[in-house]
Amino acid sequence: MLVAGSTFAAPITIKFSHVVAENTPKGQAANKFKDLVAERLAGKVVVEVFPNSQLFGDNKVLEAMLLGDVQIGAPSLSKFSRYTKKLQIYDLPFLFKDMNAVDTFQQSADGQELLKSLEKKGLVGLGYLHNGMKQLSASKLLKVPADANGLKFRIMSSEVLEAQFHAVNANPLKKPFSEVFTLLQTRAIDGQENTWSNIYSKKFFEVQPYITESNHGVLDYMVVTSKEFWYGLPEDIRAEVKTALDEAILYGNQVAAQKGAEDRQKIIDSKRSEVITLDDAERAQWVQAMKPVWKQFEKEIGKELIDAAYASNK
Ligand code: LMR
């Protein structure tokens, strides 16, 4: 065990691994955390940030964390299904109407309880970090669910997202984030779902002629660490690291709100991709097609939890 604070002890290193670009809400939050720790815990703790799947991709980061090869990550809530089924709630299509509803639910007792859902697996949820609502991009114009018929969509590793695309007769393929651009560019797949900042920063809009502004689901993160690492930290250091992280998350959430709007506009201005809006009747068709997915996962997630999340739309 490293002893922090003593003259000869090496600083504790926290490797923070993520898959997105630095100019995204998560990238900015991670960098902010690094800066705050450098300011406040100089000589005691060093944060190293590895963006763009440089250190670990989607499918490896949690395993690596349990092995002690990385200390903090912030995978999307869709990527935890091997560790808990409860977090699947966040993938249910059209459950949250906007980020305010997501935030309300996350801050509620139920939402906070979900941060603990990984503890049996040796992981600790340190907080939620926002990205935003997902949009559907495709090589084809998507107005109504029938337009997605037979198309191949990349999804994150989530059974709910798989069911969501099956519900519109499309073919979902679970692929790591790092492969999405090439899969789209080579036309190995027809489309994908993501937030404005991910679509912009990874240039998906340059290889997808249409983006339907569907806001059909949320892409948010849980900042996680391993129990072993976290509770192995000296208490005073742990408290300071947590404070820095909480501040970085607040900052990241502000970036998320701002970037969502900005990156959407940049995509429109680029004229590389056409942003398609849905009228009420078209949107209602997507809701009608996808909403039965809730029932499919009700047993695993819990009806009461789904009802509580839905109530946060008020
Ligand atoms: C994705 O795989 O599409 C996202 O989870 C990437 C991310 O971390 O925002």
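First listed ligand is number 1; within each ligand, the first listed atom is number 1.
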Ligand-side contact atoms (ligand 1) for residue partner [X], heavy atom cut-off under 4.0 Å:
| X | answer |
| --- | --- |
| M156 | 1 (C), 2 (O), 3 (O), 4 (C), 5 (O) |
| V19 | 6 (C), 7 (C), 8 (O) |
| S76 | 5 (O) |
| V20 | 6 (C), 7 (C), 8 (O), 9 (O) |

Residue list, ring-ring contact (aromatic ring centres under 6.0 Å, His included) with Y200, at least two apart or on another chain = F205
Side chain, backbone, both or neither: which part of T195 comes within less than 4.0 Å of ligand 1 when only heavy atoms are counted?
-> neither
Looking only at heavy atoms, the pair that brings E22 and Q28 closest together is O-NE2, 2.9 Å
Determine the minimum heavy-atom distance between V45 and V37, stating which atoms define it.
-> O-CG1, 3.6 Å
Any residue meeting side chain to side chain contact (heavy atoms under 4.5 Å, CB included) with E162, in chain and number order, not counting sequence neighbours | I155, E159, H166, P172, K174
Kindly indicate, with the supporting measurements, whether the criterion salt bridge (Lys or Arg N to Asp or Glu O under 4.0 Å) is fulfilled by D263 and K266.
-> CA-CA 5 Å; D263 290 349; K266 284 185 194 154; 3.7 Å; yes
N/O to N/O below 3.5 Å, does that happen between N194 and ligand 1?
-> yes
What protein heavy atom is closest to atom 9 (O) of ligand 1, reported as residue, atom name and distance in Å?
-> Y221 OH, 2.5 Å
Donor-acceptor contact present, side-chain K97 to main-chain N313, <3.5 Å | yes
Shortest reach to atom 3 (O) of ligand 1 by a heavy atom, considering only R154, K26, K79 | R154
